[in-house]
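Values below: all heavy atoms of this structure, side chains included; hydrogens, waters and symmetry mates excluded.
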Amino acid sequence: ACTHIGHPVLEQKFEVYSNELKKQMNIPNNCRIVAVTPGSRKGEISRHMPIICGALNRLSETNDVMAIFVQSDDSKVKLISKYLGRAKFNYMFSTDRLKVFAVADVALAKSGTNTLEIAASGTPQIIGYKVNSLSFAIIKMMIKIRFACLINIIAGREVVPEFLQSDFTEDNLLIGMINLFGDNKKGASQVKESQKILSTIGYGLEKKPSEIAAMKILDIYNESSND
């Protein structure tokens, strides 16, 4: 038999939005905060950043935007900065991803475990991702799932908007962000549904996934010792 233990990323202590947290991070109170995870690999950054910057520039025409680019370390800051020379929006870099996810109004995220962290932080998000054409053709032949976002995969439907490959455009990213900025109920609904889905893989549960795994290993060990 198989035991479902959940996802260990949800064992973290997630930050909670507050003006004090924004103050600690030197973020003005009167701006719209967009958390951005453009990727950590050179290819991801080079494919994503021109489109992300274009969408954020257009968003800044009607909003005071502060984009916070989230990275695990500072090794790619120089590469990301190369695409920000014509930025019309304010921006900063941060490695404190959970704090950024908590204070953000909206997140523009690549697919991956960061989408679980963003949802657990109570922030609505849109997903954008693009691979090179050859990789996409190979992936399409091998993988038959409909979605890239883990939340959508678990739900079996689109809870979080996805813009992949040819749909990864300035227009779509802009519309996706505006929809969440302009409709608090829509963002709140997405977060509520996402967190409900996360609860099926360990979010908010009394026992952590690692504790469930440890208990199951002990059970198997004890059963084998008694044989």
Side-chain angles (χ1 to χ4, degrees), residues 6-40 48 52 56 59 63 65-73 90-129 147-155 158-163 173 176-210:
H7 201 301
V9 76
L10 297 173
E11 294 187 13
Q12 301 174 92
K13 185 179 185 302
F14 292 95
E15 298 282 348
V16 178
Y17 174 91
S18 70
N19 287 328
E20 181 59 32
L21 183 57
K22 289 175 71 174
K23 187 176 179 181
Q24 288 176 19
M25 299 175 70
N26 296 314
I27 299 171
N29 279 324
N30 59 347
C31 62
R32 296 282 200 171
I33 304 170
V34 182
V36 185
T37 60
S40 57
H48 296 161
I52 289 172
L56 289 172
L59 183 66
N63 294 270
V65 175
M66 167 66 81
I68 307 180
F69 293 91
V70 178
Q71 290 286 291
S72 58
D73 55 51
N90 299 311
Y91 64 87
M92 59 188 287
F93 296 91
S94 179
T95 56
D96 289 328
R97 69 185 189 284
L98 296 185
K99 289 183 178 180
V100 175
F101 296 157
V103 300
D105 296 292
V106 169
L108 172 49
K110 73 182 190 70
S111 59
T113 54
N114 70 137
T115 60
L116 304 182
E117 293 177 327
I118 292 164
S121 300
T123 298
Q125 60 187 309
I126 60 173
I127 308 302
Y129 200 78
F147 303 108
C149 174
L150 292 170
I151 293 168
N152 294 341
I153 292 171
I154 296 167
E158 189 175 82
V159 175
V160 178
E162 295 187 4
F163 304 109
L173 297 187
M177 289 187 286
I178 288 174
N179 282 343
L180 292 175
F181 277 147
D183 189 341
N184 290 332
K185 288 183 179 179
K186 184 175 289 188
S189 176
Q190 184 200 113
V191 169
K192 182 179 180 180
E193 187 64 23
S194 295
Q195 291 186 346
K196 182 179 177 182
I197 292 161
L198 294 188
S199 69
T200 67
I201 57 171
Y203 176 71
L205 299 185
E206 187 176 332
K207 289 183 179 177
K208 297 178 180 178
S210 59

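Ser194 and Val160 get closest at one heavy-atom pair: OG-CG2, 3.9 Å. Residues Pro161 and Gln190 approach most closely at CD-NE2, 3.6 Å, considering heavy atoms. Here the closest non-hydrogen pair linking Pro28 and Met66 is CD-CE, 4.2 Å.
Ser210 places a side-chain heavy atom less than 4.5 Å from the side chain of Glu11. Contact check for Leu59 versus Arg32: no side-chain heavy atoms found under the 4.5 Å cut-off. Within the 4.5 Å cutoff, no side-chain heavy atoms of Pro209 are placed close to those of Leu10. Two residues are said to be in side-chain contact when any heavy atoms from C-beta on lie closer than 4.5 Å; Glu158 and Cys149 fail this criterion. The side-chain heavy atoms of Ile33 and Lys22, taken from C-beta on, include a pair separated by under 4.5 Å.
Of the possible donor and acceptor atoms, one in the side chain of Ser121 sits under 3.5 Å from a partner among the backbone N and O of Glu117. Side-chain atoms of His7 do not come within 3.5 Å of backbone N or O of Ile201 as any donor-acceptor pair.
Applying the ring pair (Phe, Tyr, Trp, His ring centres under 6.0 Å) rule to Phe181 yields no partners; only residues at least two apart in sequence or on another chain are considered. Asn184 meets the side-chain contact (heavy atoms from CB on, under 4.5 Å) test with no other residue; sequence neighbours excluded.
Residue Leu21 holds its CG atom at 6.5 Å from NZ of Lys99, rounded to the nearest 0.5 Å. We find the CZ-CD1 distance between Phe101 and Ile68 to be 10.5 Å, quoted to the nearest 0.5 Å. The distance from the CD atom of Glu15 to the CE atom of Met25 is 9.0 Å, given to the nearest 0.5 Å. A distance of 10.5 Å separates CD in Glu193 from CG in Leu198, rounded to the nearest 0.5 Å. Rounded to the nearest 0.5 angstrom, Ser72 OG and Arg97 CZ are separated by 8.5 Å. Within the model, atoms CG of Asn26 and CE of Met92 stand 7.0 Å from one another, a figure rounded to the nearest 0.5 Å.
In summary, of the residues considered (Ile126, Leu56, Ile178), a side-chain contact (heavy atoms from CB on, under 4.5 Å) with Leu173 occurs for Ile126 alone. Each of Val34, Val70, Val36 was scored for a side-chain contact (heavy atoms from CB on, under 4.5 Å) with Val100, with one residue passing: Val70. Considering Asn152, Leu150, Ile153, Ile151 in turn, Ile151 is the only one that fulfils the side-chain contact (heavy atoms from CB on, under 4.5 Å) rule with Ile197.
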Please tabulate, for side-chain N and O atoms in residues 106-116, each donor-acceptor pair with protein atoms closer than 3.5 Å (sequence neighbours left out).
residue, atom, partner, partner atom, Å
Asn114, OD1, Thr37, OG1, 2.7
Asn114, ND2, Lys110, O, 2.9
Thr115, OG1, Gly112, O, 2.7

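The aromatic rings of Phe14 and Tyr203 lie perpendicular to each other, with more than 60° between the two planes, well past the 30° mark.
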